[in-house]
Engineer: 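Structure below; questions to follow.
Everything numeric in this text was worked out from a predicted model, so none of it was measured. All values below come from the heavy atoms of this structure, side chains included, with hydrogens, waters and symmetry mates left out.
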Amino acid sequence: MHTKKIYFYNLNIIEKSSKKNMNQNAKQIIDEMIDNNFKDNKYTNHEINPDKEITIKTGSVKIDNNKNTIDIIENNKLIFFARVGKNKDISDLAKRNKETNAITPVLEDTNSHIEIYTHFFIDYKEMIMGFVYGQGAPKHDIICNLFNEYYKDEYEVEIVDIMAEKTAKYLLRKGSVVNKTELTYSTLSASLMEDLGLGINTILGVEEKNEFEIKIVIKSKNKEKVLLRSSDKIKSLVTQIETLLDKKKKFKLNNAKLTGKTITDTKQEDFYFYSKEFTKNVSFPTTTVENGVKKILKPDKITSSLNKTILTTYKNNKKNILLLAGKQK
């Protein structure tokens with residue numbers, strides 16, 4: 001199984017002339033862009049249904065003089081789902097036979113090129129985009145490039161990261177427990193190390209101006225391994241740590257982490273005090289075994305699997321995503 005991260009974003013389609021938000025017309029605007037600029041791509045998908053010819057819309061856009069291709073996999077009244085690929089220069093790549101060690105070109109067909117591809121979706125109703133990041137593949141701002149290419153004078157797209165809330169605040173919910181607290185301090189002198197009896201100046205010969213990092217771990221040794229269970233005490237701890245993170249002292253608290261679980265968690269997790277992009281992992285197969293032989297799955301098979309996996313992941317986390325996006329009513 002292969003695992004990648006989905007990053008989530010708020011999208012806003014802005015009419016350039018009026019600066020009006022056009023999100024309510026997003027489906028119509030994107031449909032017009034596809035109908036007027038994308039071409040029908042007909043072929044038989046032997047991996048999905050060898051007896052049926054399928055048609056998908058395919059378009060392209062140049063980014064930094066590099067061709068990026070967009071295949072529209074699904075586009076209904078609720079969801080837009082696409083596969084996007086970036087043309088890769090393979091002039092310095094070769095295939096090597098494991099048995100003979102002979103090398104051959106990766107691609108000999110001059111009518112083809114190699115692409116690194118990934119996938120993304122747009123929820124038309126909520127205007128949430130989920131983008132699967134892949135090394136060397138197109139980035140999430142390809143949607144901006146598409147609008148610059150096809151709606152240069154009419155619309156532009158604003159992309160806003162959906163950030164995870166200060167995750168330590170999850171532990172303020174009733175029924176939460178804290179099992180461990182980790183505090184990481186920095187100091188501009190070795191005096192504290194000496195006070196702790198470590199004799200760091202003598203042992204390492206460090207100079208007084210050197211910076212040190214000190215990590216303090218506080219955890220319980222009781223049978224349940226619970227450090228704090230009281231909501232009031234957890235709130236007091238979180239508040240104090242937030243205050244310390246904001247203060248500029250000689251012994252500055254650089255980082256902090258609480259380990260525990262909320263009432264809905266099945267196992268303990270780490271809760272931090274800084275915001276970061278909200279992501280979810282998606283796992284999907286890239287190989288299969290036929291008659292004892294390992295084979296690489298064709299792109300259409302991987303796309304079909306990812307379509308279901310990505311949208312299921314979004315559906316299962318939609319309530320929390322909308323909350324973080326500021327769209328929860």
Engineer: Please check if the side chain of Asp31 supplies one atom and the backbone of Asp35 the other of a donor-acceptor pair under 3.5 Å.
Structural biologist: no
Engineer: With hydrophobic residues grouped by side-chain heavy-atom distances under 4.5 Å, do Ile73 and Ile142 end up in a single group?
Structural biologist: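 No, Ile73 does not connect to Ile142 through the hydrophobic network.
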Engineer: Quick one: do Leu11 and Ile321 end up in the same hydrophobic cluster if we chain Ile, Leu, Val, Met, Phe, Trp and Tyr together by side-chain heavy atoms under 4.5 Å apart?
Structural biologist: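 Different hydrophobic clusters.
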Engineer: Would you check if the side chain of Thr243 reaches a backbone N or O of Thr239 as a donor-acceptor pair within less than 3.5 Å?
Structural biologist: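 Checked: pair present.
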Engineer: With no hydrogens and no angle check, just 3.5 Å: does a side-chain donor-acceptor pair link Ser60 and Thr69?
Structural biologist: no
Engineer: For a 4.5 angstrom cut-off between non-hydrogen side-chain atoms, does Met163 reach Glu277?
Structural biologist: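 Yes; the side chains approach each other to less than 4.5 Å.
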Engineer: Are any of the side-chain heavy atoms of Thr118 and Phe120 separated by less than 4.5 Å?
Structural biologist: no
Engineer: Hydrophobic cluster membership, with links at side-chain heavy-atom distances under 4.5 Å among I/L/V/M/F/W/Y: are Tyr9 and Val157 in one?
Structural biologist: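 The answer is yes; both residues are in one hydrophobic cluster.
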Engineer: Is it the case that over 12 heavy atoms from other parts of the model lie below 6.0 angstrom from the CG atom of Asp92?
Structural biologist: yes
Engineer: Do Tyr185 and Leu253 touch side chain to side chain, with heavy atoms closer than 4.5 Å?
Structural biologist: yes
Engineer: Taking side chain as C-beta onward, heavy atoms only, is Phe38 less than 4.5 Å from Ile56?
Structural biologist: no
Engineer: Checking the side chain of Asn41 only, and the main-chain atoms of Lys39 only, is there a donor and an acceptor separated by less than 3.5 Å?
Structural biologist: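 Side chain of Asn41 to backbone of Lys39, a donor-acceptor pair under 3.5 Å: no, none is there.
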Engineer: So for atom NZ, which belongs to Lys62, do other residues, nucleotides or ligands contribute more than 12 heavy atoms lying within a distance under 6.0 Å?
Structural biologist: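 No, the 6.0 Å shell around NZ holds no more than 12 heavy atoms from other groups.
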Engineer: To the nearest 0.5 Å, tell me how far Tyr155 OH sits from Leu146 CG.
Structural biologist: 15.5 Å
Engineer: Would you find a donor on one side and an acceptor on the other, under 3.5 Å apart, between the side chain of Arg96 and the backbone of Asn101?
Structural biologist: yes
Engineer: Please report the interatomic distance CD1(Ile63) to CG(Asn87), rounded to the nearest 0.5 Å.
Structural biologist: 12.0 Å
Engineer: Is it the case that the side chain of Lys27 and the backbone of Asn76 share a donor-acceptor pair, with hydrogens and angles ignored and the cut-off at 3.5 Å?
Structural biologist: yes
Engineer: Would Met129 and Leu306 show up in the same hydrophobic cluster when neighbours are defined by side-chain heavy atoms closer than 4.5 Å?
Structural biologist: no
Engineer: Minimum heavy-atom separation for Gly85 to Pro138, with atom names?
Structural biologist: C-CG, 3.7 Å
Engineer: When rounded to the nearest 0.5 angstrom, what distance separates OG1 in Thr287 from NZ in Lys295?
Structural biologist: 12.5 Å
Engineer: Without hydrogens or angle criteria, can the side chains of Lys261 and Asn179 be said to hold a donor-acceptor pair below 3.5 Å?
Structural biologist: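 No, no side-chain donor-acceptor pair sits under 3.5 Å.
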Engineer: Please determine which of Ile162, Thr279, Asp161 meets the side-chain contact (heavy atoms from CB on, under 4.5 Å) test together with Phe8.
Structural biologist: Ile162
Engineer: Could you tell me whether Glu15 and Lys20 make a salt bridge, using a distance below 4.0 angstrom between a side-chain N and a carboxylate O?
Structural biologist: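 Lys20 and Glu15: not salt-bridged.
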Engineer: Please identify which of these residues, Tyr7, Phe80, Phe131, Tyr314, meets the ring pair (Phe, Tyr, Trp, His ring centres under 6.0 Å) condition with Phe121.
Structural biologist: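 Checked Tyr7, Phe80, Phe131, Tyr314 against Phe121; only one passes ring pair (Phe, Tyr, Trp, His ring centres under 6.0 Å): Tyr314.
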Engineer: Thr100: what forms a side-chain contact (heavy atoms from CB on, under 4.5 Å) with it, not counting sequence neighbours?
Structural biologist: Asn97, Ala102
Engineer: Is the shortest distance from a Lys or Arg side-chain nitrogen in Lys327 or Glu126 to a carboxylate oxygen in the other one below 4.0 Å?
Structural biologist: no
Engineer: Determine the minimum heavy-atom distance between Ile159 and Cys144, stating which atoms define it.
Structural biologist: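 Looking at all heavy atoms of both residues, the closest pair is CD1-SG, 3.5 Å.
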Engineer: Could you walk me through whether Ile218 and Leu227 pass the side chain to side chain contact (heavy atoms under 4.5 Å, CB included) check?
Structural biologist: CA-CA 8 Å; Ile218 307 167; Leu227 184 65; 4.2 Å; yes
Engineer: Asn320 versus Phe278: any side-chain heavy-atom pair under 4.5 Å?
Structural biologist: yes
Engineer: Return the NE2 to NZ distance between His119 and Lys4, rounded to the nearest 0.5 Å.
Structural biologist: 8.5 Å
Engineer: Treating Thr184 as the side-chain partner and Asn254 as the backbone partner, does any N or O pair qualify as donor plus acceptor under 3.5 Å?
Structural biologist: no
Engineer: For Asp123 and Ile128, indicate whether the former's side chain and the latter's backbone hold a donor-acceptor pair under 3.5 Å.
Structural biologist: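 Such a contact is absent between Asp123 side chain and Ile128 backbone.
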Engineer: Taking atom OG1 of Thr259 and atom CZ of Phe271, what is their separation to the nearest 0.5 Å?
Structural biologist: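 That separation rounds to 8.5 Å.
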Engineer: Applying side chain to side chain contact (heavy atoms under 4.5 Å, CB included), run through Leu258 and Leu237 and close with a yes or a no.
Structural biologist: CA-CA 10 Å; Leu258 301 181; Leu237 175 65; 3.9 Å; yes
Engineer: Give the minimum heavy-atom separation between Ser176 and Ile263, together with the two atoms involved.
Structural biologist: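 Distance-wise, the nearest heavy atoms are OG-N, 4.3 Å.
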Engineer: If you apply the rule side chain to side chain contact (heavy atoms under 4.5 Å, CB included), what do you find for Ile122 with Ile143, and how did you get there?
Structural biologist: CA-CA 10 Å; Ile122 296 171; Ile143 189 71; 4.1 Å; yes
Engineer: Looking at Val293, is its backbone amide N or carbonyl O close enough to the side chain of Asn291 to form a donor-acceptor pair, meaning the two atoms are under 3.5 Å apart?
Structural biologist: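 Answer holds: no.
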Engineer: How are the rings of Tyr151 and Phe147 set to each other: parallel, tilted or perpendicular (split at 30° and 60°)?
Structural biologist: tilted
Engineer: Pairs in or reaching into residues 225-237: which pass side chain to side chain donor-acceptor pair (under 3.5 Å), with residues at least two apart or in two chains?
Structural biologist: Glu224-Arg229, Ser236-Gln240
Engineer: Sub-3.5 Å donor-acceptor pair from the side chain of Lys280 to the main-chain atoms of Asn317, do we have one?
Structural biologist: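 No; judged by distance alone, with no hydrogens or angles, the pair does not exist.
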Engineer: Side-chain heavy atoms nearer than 4.5 Å, only ILVMFWY residues, links allowed to pass through others: does that put Phe273 and Leu183 together?
Structural biologist: yes
Engineer: How long is the span from the OG1 atom in Thr313 to the CD1 atom in Ile6, to the nearest 0.5 Å?
Structural biologist: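 Rounded to the nearest 0.5 Å, the OG1-CD1 separation comes out at 5.0 Å.
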Engineer: Do you know the tightest heavy-atom contact between Glu32 and Asn37?
Structural biologist: O-ND2, 4.5 Å
Engineer: Any sub-3.5 Å donor-acceptor pair from Asp71's side-chain atoms to Thr58's backbone N or O?
Structural biologist: no
Engineer: Over 60° means perpendicular and under 30° means parallel, so tell me whether Tyr133 and His140 are parallel, tilted or perpendicular.
Structural biologist: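 Tilted, since the angle between the ring planes falls between 30° and 60°.
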Engineer: Taking all non-hydrogen atoms of both residues, which atom of Ile116 and which atom of Ala137 are closest, and how far apart?
Structural biologist: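 Smallest interatomic distance, heavy atoms only, reads CG2-N, 3.7 Å.
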Engineer: Looking only at side chains, do Thr303 and Arg83 share a donor and an acceptor under 3.5 Å apart?
Structural biologist: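 Distance-only check passes for Thr303 and Arg83.
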Engineer: Report yes if the side chains of Val132 and Ile310 come closer than 4.5 Å at any heavy-atom pair, otherwise no.
Structural biologist: yes
Engineer: Show the numbers, then the answer: is there a side chain to side chain contact (heavy atoms under 4.5 Å, CB included) between Ile13 and Asn25?
Structural biologist: CA-CA 9 Å; Ile13 298 176; Asn25 298 327; over 6 Å; no
Engineer: Considering all heavy atoms of both residues, which atom of Leu171 and which atom of Ile234 are nearest to each other, and what is their separation?
Structural biologist: O-CG2, 3.5 Å
Engineer: Hey, does Leu297 have a side-chain heavy atom less than 4.5 Å from the side chain of Thr286?
Structural biologist: no
Engineer: I'd like to check Val160 versus Glu158 (side-chain heavy atoms, cut-off strictly below 4.5 Å). Are they in contact?
Structural biologist: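 Yes, side chains in contact.
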